[in-house]
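Treat the numbers as computed from the prediction; the structure is a model and nothing was measured. The chains referred to below are lettered A, B, ... by the order of the sequence lines, with proteins before strands, and numbering in each begins at 1.
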Amino acid sequence: MSERRKPYPFDQLEPKWQTRWDERRLFHAPNPGDPGFDPARPKYYVLDMFPYPSGAGLHVGHPEGYTATDIVARYQRLRGCNVLHPMGWDAFGLPAEQYAIRTGQHPEITTRANIASFKKQLKRIGFSYDWEREVSTADPDFFRWTQWIFLQIYHSWFNPATQRAEPIASYTGDDPASVRLAYVAEVPVNWCPELGTVLANEEVIDGRSEVGGFPVVRRPMRQWMLRITAFAERLIDELEPLDWPAGIKLLQRNWIGKSEGAEVQFALPEHDTSLTVFTTRPDTLYGATYMVLAPENPLVDRLTTMEQRAAVAEYKAEISAKSDLERTDLAKDKSGVFTGACAINPANNERIPIWIADYVLMGYGTGAIMGVPAHDERDLEFARQFGLTILDVVQPPGGETPTGYTGDGIAINSPLIDGLPTPEAKEHITAWLEERGLGRRTINYKLRDWLFSRQRYWGEPFPIIWRDGKHEAIAESELPLVPPPLHDFKPTGTGEPPLARAKDWVRYSDKATRELNTMPQWAGSCWYYLRFCDPGNRDRFVGQEAERYWMGEGGVDLYVGGTEHAVLHLLYARFWHKVLFDLGHLSTGEPFQRLVNQGIILGEDGRKMSKRWGNVIDPLDVISGYGADAFRCYEMFMGPLEQMKPWSMTGVEGVSRFLARVWRLVMEENQAGEWVLSNSVAEAEPTRAQLKVIHATIKKVGEDIDALSFNTAIAQMMIFVNAFTNVEVRPLAALRTLLVLLNPFAPHLSSELWETLGRQFPIAPPEIIDQSWPEYREEFLVEDEVEIALQVNGKVRDRVMVATSALTEELEKVALSNHRVLEFLQGKQVKKIVVIQKKLVNVVTAP
RNA sequence: GCCAGGGUGGCGAAAUUGGCAGACGCGCCAGACUUAGGAUCUGGUGGAGCAAUCCUUAGGGGUUCGAGUCCCCUCCCUGGUACCA
């Protein structure tokens, strides 16, 4: 089979320009103080979510976001900005380690090979990254600072008075370990036996591990935690002004899950203590006819009566045997047992029974609730199942039967607050409880502290040692703390991390041993964007001047990546950023000013791309068939960046044809079949009509890039090309303008044509990259005449050209003298005439 | 369940504040140039109808001179979430 003839020689010119860009270091952005740095230019930081370099290589989803940021980066450079556009590798992570377990190959080797192949592919697409800033999270020069930041967190506490992280020295209490932002706690964790590690809540999906899909069980273990909950309020508040998609903000807000309510104490007559619950509906206190404790609540054993002891023990055993998956699966029917104990409802002094049930979670609120069956679906189901009292205390606005009504209404059967609408009832009863020391208003969050340790090999070791059962930080001078070489990466199965196998490494001194856990994969990605500002710095995680320059004024100006990181990565990174900001290391409180999520690219069959369906598109195949420029432009022409959309090979062909038409605007084939500069290119004045297209295109492409609406920008350039395709004389100035506008999208093609034009016509500068973005002139966009629609009763009956300046009365006259309009007005009476200048005239008749 | 986003030609999609629906591309049809066309160029292309004309932005209702756009109801798709008191 003969090879399809290339529409233009992209296979020669693309490698040529990629090499030249590398040699000229064109995309290297000097830092303040470096040679070549121009302080007069504004900065622009455009960032991609860096990839995990998997063995599978790049798929078409990666370059979608990368192309978008590359267009913005190249555009901002042409507009005179100092552009920071870096790329790096999220190189620690489970897949390389799982591969090492299977093959014995060290993760470092696998990772290095994968990085090399990723980088080669990215370069082949022609991205304008500053490769001199490349970082890898698994590189000791990088992770020494990840460990350093951990130490900053470890040495800090959250001062509730200032609402800021402060050095632990400012803590005046007697137990610093209890307030550190990094602490060790025995907590019920998500233990994944298959992976041999604990996982964060965020890494568990439907009771299975996000990586690998293995079952996960609950089990108490001593783990490192980061006190992210202290920042819950700020993580919500400071989200507000950011230029992020509203949906992502909402996702984060929901994840943090703030709810306002009250803590209420219920006296326990048989014991000298009381039981505290959290409720968002203190106004329903009179309706609390029973209480429920989580089965794991430590109070359960104290409260349970002799008679109920056996039943409670049996229920607890049953629950703890269940995995999370089963526990949620079986959520249809409520289960639980009576403890035999009773509490006193503080509102009406009624004795109410205390139960335990697994629908109450130990990890939220106080691990105990008051059951208000009349106004809570779950409580109602539970009460009906076990025959507990149901008492209506809120009257819905409509006045229908209140049982099961969960909305706001009017308090009833509640002597203290009868007749009050819900909001006031809440206020009133809470104040009443506060006066008596029986309760107080509180805020609860769904967000839990971040479980930060993993029992894995391929991650950052903690810069921590243990002496006499207590943890201590190692000195900063001992960083980086590099993982010991191992041959056996398998999980031990006991929960003891694989690092335990490196006996020499573990022994720190006669009396001290090293922490054996490693950090989760999120650690490196929490701050990599800061390292990009100053990747070679040996003395600090980022130089102050570089940080102030690149991260100043809102931080990262544009951050593009997938929605899968909407809560986890973005929340964790914001948290670390705030700690470092509070400690005075950073100049802004939020890292990412503008965030955009690219949509998923589906296979041609409309299904998710997967080996299983055989619908996977390999970027390199597309590039070898159509060129990198066509690949880039197609990815952007498919549709809106944020939208999910299917791949289409014929669509690639269409975009490729467009680029070939651009090529032939400038080039033609001679007798020998060689491409030479076209005879129709000349230093001629564009016509008035051509000027209009040129300036309309300048305007639209610029505005569309700002709005990340790349598909419509390309459509406009297609209109431009169509307008110049069949003309005898192609004015040089018009072509030059087009090439600059096209450059961010198709950098190789535009560079080549620019250079070719420059050989024949003296163009300064000789390379397009040193050219500046053109400005449009409004005067070329205005028309003397416009076409307006003439409507009768909202239906278009004719279109006519009128002077742009035509006034309302003139337009009315035009409409009423138009024979098509008159035809439809026959026998009818004109009731009114609506005139929209430059748009339409609508003649409305009486019915 | 709940929350968010979305349904526009045969297909991917356009459409400032409500103001000519379908830009641009794919596909298809016709023509030109050709020994040839899976190259290139030109024209056409939402549906029905010979036509005048009528219908058309998931479906139904409403507001308006005028609705893809605003309001109400219903259906379908995608993503998130799941006993969070």
State which of [options] makes the closest approach to the side chain of [X].
| X | options | value |
| --- | --- | --- |
| V360(A) | C3(B), C83(B), A85(B) | A85(B) |
| Q791(A) | G19(B), C41(B), C54(B) | G19(B) |
| I369(A) | C65(B), A85(B), C54(B) | A85(B) |

Any side-chain N or O of [X] below 4.0 angstrom from OP1/OP2 of [N]?
| X | N | value |
| --- | --- | --- |
| R657(A) | C26(B) | yes |
| R664(A) | C41(B) | yes |
| R820(A) | U53(B) | yes |
| R661(A) | U40(B) | no |

Contact class for [X] (heavy atom, under 4.0 Å): base, sugar-phosphate, or nothing?
| X | value |
| --- | --- |
| L840(A) | base |
| F824(A) | sugar-phosphate |
| N722(A) | sugar-phosphate |
| R607(A) | nothing |
| N726(A) | sugar-phosphate |
| T650(A) | sugar-phosphate |
| T563(A) | nothing |
| G365(A) | nothing |

Can K699(A) and E778(A) be counted as an ion pair, charged N to O under 4.0 angstrom?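 Here K699(A) does not pair with E778(A) in a salt bridge, since their nearest N and O are not under 4.0 Å apart.
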Any side-chain to backbone donor/acceptor pair from [X] onto [Y]? Under 3.5 Å, distance only.
| X | Y | result |
| --- | --- | --- |
| H375(A) | T284(A) | no |
| K249(A) | L242(A) | yes |
| N297(A) | G367(A) | yes |

Taking the same atom, [atom1], in [N] and in [M], what whole-Å distance lies between them?
| N | M | atom1 | value |
| --- | --- | --- | --- |
| A21(B) | U78(B) | P | 33 Å |
| G61(B) | U17(B) | P | 28 Å |
| G9(B) | G22(B) | C1' | 7 Å |
| C28(B) | G37(B) | P | 15 Å |
| G10(B) | C76(B) | P | 23 Å |
| A13(B) | U8(B) | P | 9 Å |
| A58(B) | C11(B) | P | 13 Å |
| U63(B) | G18(B) | C1' | 12 Å |

Nearest whole angstrom, please: distance from the [atom2] of [N] to the [atom1] of [X].
| X | N | atom1 | atom2 | answer |
| --- | --- | --- | --- | --- |
| N597(A) | G6(B) | CG | P | 14 Å |
| M718(A) | G25(B) | CE | C1' | 5 Å |
| Y364(A) | U81(B) | OH | C1' | 15 Å |
| I836(A) | U64(B) | CD1 | C1' | 12 Å |
| I356(A) | C83(B) | CD1 | P | 18 Å |
| E653(A) | G38(B) | CD | P | 12 Å |
| L251(A) | A82(B) | CG | P | 11 Å |
| W675(A) | A39(B) | CH2 | C1' | 10 Å |

Go nucleotide by nucleotide along RNA chain B from the 5' end; which of A715(A) and L250(A) gets its closest nucleotide reached first?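 The residue mapped nearer the 5' terminus is L250(A).
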If each of A789(A) and Y634(A) is mapped to the nucleotide of RNA chain B with the nearest heavy atom, which maps nearer the 5' terminus, i.e. the 5' end?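 Closer to the 5' end of RNA chain B: Y634(A).
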Stem list, RNA chain B (Watson-Crick or G-U pairing under 3.5 Å, at least 3 consecutive pairs):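 Consecutive-pair runs (3 or more) involving RNA chain B: B:1-7 with B:75-81, B:10-12 with B:24-26, B:27-32 with B:40-45, B:46-48 with B:53-55, B:58-62 with B:70-74.
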Output field: ring centroids F386(A)/W355(A) closer than 6.0 Å: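 For F386(A) and W355(A), the ring centres are under 6.0 Å apart.
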Going by atom types only, do Y315(A) and T339(A) share a side-chain donor-acceptor pair under 3.5 Å?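 Y315(A) vs T339(A): no donor-acceptor pair found between side chains.
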Report yes or no: do R797(A) and N818(A) form a side-chain donor-acceptor pair below 3.5 Å?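 Result is no, nothing qualifies.
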Is there a donor and acceptor pair, one atom on the side chain of K831(A) and one on the base of C65(B), closer than 3.5 Å?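 Such a pair does not exist between side chain and base.
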Which atom of I319(A) lies closest to which atom of E296(A), heavy atoms considered: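 Looks like CG2-OE2, 4.5 Å.
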Test salt bridge (charged side-chain N to carboxylate O under 4.0 Å, His left out) applied to E64(A) and K645(A), step by step: CA-CA 11 Å; E64(A) 188 190 12; K645(A) 44 210 177 286; 2.5 Å; yes
In terms of relative ring orientation, are W450(A) and Y572(A) parallel, tilted or perpendicular, with 30° and 60° separating the classes?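 Parallel: the ring planes of W450(A) and Y572(A) meet at under 30°.
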Quick check on G6(B): syn or anti? Syn means the glycosidic torsion is within 90 degrees of zero.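 Because its glycosidic torsion lies more than 90° from 0, G6(B) adopts the anti conformation.
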Tell me whether the NZ or CZ atom of K334(A) lies within the 45° cone about the ring axis of F382(A) and under 6.0 Å from its centre.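 Judged by the rule, K334(A) and F382(A) form no cation-pi pair.
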Lys/Arg cation over aromatic F724(A): R730(A), 6.0 Å, 45° cone: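 The answer is no; the distance or angle limit is not met.
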Just wondering, more than 12 heavy atoms not from E703(A) lying within 6.0 Å of its CD?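 Yes - once you tally the heavy atoms of other residues, nucleotides and ligands closer than 6.0 Å, there are more than 12.
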Listed pairs, N/O of protein and of nucleotides 13-16 of chain B, under 3.5 Å:
| from | atom 1 | to | atom 2 | distance (Å) |
| --- | --- | --- | --- | --- |
| A13(B) | OP1 | Q643(A) | NE2 | 2.5 |
| A14(B) | OP1 | N711(A) | ND2 | 3.0 |

